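Proteins get letters first, then strands, A, B, ... in listed order; numbering begins at 1 in each. Since the model is a prediction, treat every value here as computed from it, not as a measurement.
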Amino acid sequence: MKQDFFDRVYKIVAKIPKGKVTTYGLIAESCGIKSAARTVGWALNGASSSNLPCHRVVNRFGALTGKVHFGDPKLMEDLLRSEGIIFDKDDCVEMKKHLWIPPKVLSNKTKKKK
DNA sequence: TCATTGACATTCA
DNA sequence: ATGAATGCCAATG
(Lines give C-alpha, C1' and ligand atoms only; values in the text may rest on other atoms or scores of the structure.)
Protein backbone atom coordinates (compact mmCIF):
# COMPACT_ATOMS: atom_id res chain seq x y z
CA MET A 1 0.00 0.00 0.00
CA LYS A 2 1.05 3.58 -0.52
CA GLN A 3 0.88 3.99 3.23
CA ASP A 4 4.41 2.64 3.34
CA PHE A 5 5.68 6.17 3.68
CA PHE A 6 3.05 6.94 6.28
CA ASP A 7 4.05 3.86 8.24
CA ARG A 8 7.62 5.11 8.46
CA VAL A 9 6.48 8.49 9.69
CA TYR A 10 4.23 6.87 12.27
CA LYS A 11 7.10 4.77 13.56
CA ILE A 12 9.37 7.78 13.91
CA VAL A 13 6.77 9.92 15.64
CA ALA A 14 5.90 7.05 17.95
CA LYS A 15 9.58 6.86 18.92
CA ILE A 16 9.73 10.45 20.05
CA PRO A 17 10.56 10.38 23.77
CA LYS A 18 8.35 12.25 26.18
CA GLY A 19 9.51 15.80 26.76
CA LYS A 20 11.19 15.91 23.36
CA VAL A 21 10.22 17.35 19.99
CA THR A 22 11.37 16.80 16.43
CA THR A 23 10.93 18.48 13.09
CA TYR A 24 9.23 17.40 9.89
CA GLY A 25 12.50 17.56 8.06
CA LEU A 26 14.20 15.18 10.47
CA ILE A 27 11.32 12.75 10.26
CA ALA A 28 11.38 12.88 6.50
CA GLU A 29 15.10 12.37 6.58
CA SER A 30 14.79 9.41 8.90
CA CYS A 31 12.31 7.98 6.41
CA GLY A 32 14.95 8.25 3.75
CA ILE A 33 13.48 11.33 2.09
CA LYS A 34 14.91 14.56 3.38
CA SER A 35 12.93 16.81 1.08
CA ALA A 36 9.54 15.29 1.71
CA ALA A 37 8.85 17.18 4.90
CA ARG A 38 5.53 18.27 3.40
CA THR A 39 4.45 14.71 2.96
CA VAL A 40 5.33 14.07 6.58
CA GLY A 41 2.79 16.71 7.47
CA TRP A 42 0.26 14.82 5.40
CA ALA A 43 1.04 11.64 7.27
CA LEU A 44 0.49 13.40 10.55
CA ASN A 45 -2.73 14.74 9.11
CA GLY A 46 -4.03 11.19 9.21
CA ALA A 47 -2.16 10.63 12.45
CA SER A 48 -4.41 13.19 14.12
CA SER A 49 -6.84 10.32 14.54
CA SER A 50 -4.11 8.05 15.82
CA ASN A 51 -2.40 7.67 19.17
CA LEU A 52 0.71 9.27 17.79
CA PRO A 53 2.11 12.27 19.72
CA CYS A 54 1.87 14.57 16.72
CA HIS A 55 2.05 17.49 19.13
CA ARG A 56 5.73 16.66 19.55
CA VAL A 57 6.28 17.31 15.87
CA VAL A 58 7.07 20.89 14.97
CA ASN A 59 8.54 22.71 12.01
CA ARG A 60 12.19 23.67 11.90
CA PHE A 61 11.38 26.92 13.76
CA GLY A 62 9.97 24.97 16.64
CA ALA A 63 6.54 26.44 16.01
CA LEU A 64 3.43 24.32 16.39
CA THR A 65 2.32 24.73 12.83
CA GLY A 66 -0.29 21.99 12.92
CA LYS A 67 -1.87 22.95 16.20
CA VAL A 68 -5.10 23.88 14.44
CA HIS A 69 -5.41 20.33 13.17
CA PHE A 70 -5.53 19.03 16.72
CA GLY A 71 -8.90 20.60 17.27
CA ASP A 72 -7.59 22.79 20.08
CA PRO A 73 -4.44 24.85 19.50
CA LYS A 74 -3.98 25.69 23.15
CA LEU A 75 -4.38 22.01 23.93
CA MET A 76 -1.22 21.32 21.98
CA GLU A 77 0.75 23.84 23.99
CA ASP A 78 -0.68 22.45 27.17
CA LEU A 79 0.32 18.93 26.19
CA LEU A 80 3.87 19.96 25.43
CA ARG A 81 4.12 22.01 28.61
CA SER A 82 2.84 18.99 30.54
CA GLU A 83 5.70 16.97 29.11
CA GLY A 84 8.27 19.52 30.17
CA ILE A 85 8.58 21.36 26.88
CA ILE A 86 9.55 24.99 27.24
CA PHE A 87 8.15 27.65 24.92
CA ASP A 88 9.94 30.87 24.20
CA LYS A 89 8.27 34.23 23.68
CA ASP A 90 7.79 33.47 20.00
CA ASP A 91 5.57 30.46 20.78
CA CYS A 92 8.42 28.28 19.61
CA VAL A 93 9.73 25.21 21.42
CA GLU A 94 13.21 25.43 22.88
CA MET A 95 14.78 23.31 20.17
CA LYS A 96 18.16 23.57 21.84
CA LYS A 97 16.84 21.71 24.85
CA HIS A 98 14.10 19.50 23.50
CA LEU A 99 15.05 18.74 19.92
CA TRP A 100 15.14 14.97 19.42
CA ILE A 101 16.86 13.54 16.39
CA PRO A 102 15.98 10.02 15.16
CA PRO A 103 19.04 7.71 15.55
CA LYS A 104 18.67 6.64 11.94
CA VAL A 105 19.38 10.16 10.79
CA LEU A 106 22.50 10.34 12.91
CA SER A 107 23.84 7.12 11.40
CA ASN A 108 22.93 8.21 7.93
CA LYS A 109 24.60 11.58 8.30
CA THR A 110 27.71 10.04 9.75
CA LYS A 111 27.93 7.65 6.85
CA LYS A 112 27.27 10.13 4.10
CA LYS A 113 29.50 12.72 5.66
CA LYS A 114 27.56 15.54 4.18
C1' DT B 1 -7.69 12.27 -15.46
C1' DC B 2 -5.16 16.56 -14.60
C1' DA B 3 -4.07 20.23 -11.69
C1' DT B 4 -3.67 22.24 -7.12
C1' DT B 5 -2.95 22.09 -2.37
C1' DG B 6 -0.91 20.72 2.06
C1' DA B 7 0.87 20.64 9.57
C1' DC B 8 7.90 21.86 5.43
C1' DA B 9 12.65 22.47 3.97
C1' DT B 10 16.30 23.57 0.91
C1' DT B 11 18.43 26.05 -2.74
C1' DC B 12 18.87 29.47 -6.49
C1' DA B 13 18.63 34.32 -7.99
C1' DA C 1 20.77 39.11 3.19
C1' DT C 2 16.02 38.79 1.35
C1' DG C 3 12.70 36.79 -1.90
C1' DA C 4 11.04 33.42 -5.06
C1' DA C 5 11.07 28.84 -6.85
C1' DT C 6 11.48 23.86 -6.52
C1' DG C 7 11.21 19.04 -4.50
C1' DC C 8 9.06 15.37 -2.28
C1' DC C 9 4.35 12.05 -1.55
C1' DA C 10 -0.38 11.71 -1.12
C1' DA C 11 -5.09 13.49 -1.21
C1' DT C 12 -8.70 16.35 -2.86
C1' DG C 13 -11.17 19.41 -6.33
Study note, to complete from the structure: Between CZ of A:Arg38 and C1' of C:dC8 the distance, given in whole Å, is 8 Å
Check your understanding: Taking CG from A:Asn59 and P from B:dA9, how many angstroms apart are they, rounded to a whole number?
Key -> 5 Å
Practice item. Flag yes if A:Leu52 and A:Leu79 sit in one hydrophobic cluster, no otherwise; membership is Ile, Leu, Val, Met, Phe, Trp, Tyr, and two members link when side-chain heavy atoms are under 4.5 Å apart. Key: no
Review point. When you measure from the side chain of A:Thr23, which nucleotide among B:dA7, B:dA9, C:dC8 comes out closest?
Key: B:dA9
Practice item. Using the C1' atoms only, state how far B:dT4 lies from C:dT6, rounded to an integer number of Å. Key: 15 Å
Review point. How many Å lie between NE2 on A:His55 and C1' on B:dA7, as a whole number?
Key: 15 Å
Exercise for review: Give one of base, sugar-phosphate or nothing for A:Thr39, where a contact means two heavy atoms less than 4.0 Å apart.
Suggested key: base
Point to revise | Nearest-angstrom distance from the residue atom CG of A:Asp72 to P of B:dA7 | key: 17 Å
Check your understanding: For the pair made of CZ in A:Phe6 and P in B:dA7, what is the distance, rounded to whole Å?
Key -> 13 Å
Point to revise | Check: B:dA7 base within 3.5 Å donor-acceptor of A:Tyr24 side chain | key: yes
Exercise for review: Have a look at A:Asn45 and say if it touches a base, only the backbone sugar-phosphate, or nothing, with a 4.0 Å heavy-atom cut-off.
Suggested key: base
Check your understanding: Is it true that A:Val58 and A:Leu99 fall in one hydrophobic cluster, defined by side-chain heavy atoms closer than 4.5 Å?
Key -> yes
Point to revise | Euclidean distance, atom CG of residue A:Asp7 to atom C1' of C:dC9 [Å, nearest integer] | key: 15 Å
Review point. So what's B:dT1 paired with, Watson-Crick or G-U wobble, going by both distances under 3.5 Å?
Key: none
Revision key, fill the gap. Which of B:dA7, C:dA11, B:dA9 is nearest the side chain of A:Ala37? It is B:dA9
Review point. Are A:Met95 and A:Leu64 connected, step by step, through hydrophobic side chains (Ile, Leu, Val, Met, Phe, Trp, Tyr) whose heavy atoms are closer than 4.5 Å?
Key: yes
Review point. If only atom types and distance count, is the side chain of A:His55 paired as donor or acceptor with the main-chain N or O of A:Leu80 below 3.5 Å?
Key: no
Check your understanding: Taking the P atom of each, how far is C:dA5 from B:dT5, in whole Å?
Key -> 14 Å
Practice item. Sort out the partner of C:dA4 for me: Watson-Crick or G-U wobble, both distances under 3.5 Å, none otherwise. Key: B:dT11
Exercise for review: Could you check how far CG of A:Leu99 sits from C1' of B:dC8, rounded to whole Å?
Suggested key: 15 Å
Practice item. In whole angstrom, give me the gap between the P atoms of B:dA3 and C:dG7. Key: 16 Å
**Study point:** Whole-Å distance separating the CZ atom of A:Arg60 from the C1' atom of B:dA7
**Key:** 15 Å
Point to revise | Under 3.5 Å donor-acceptor, A:Arg56 side chain and A:Ile16 backbone | key: yes
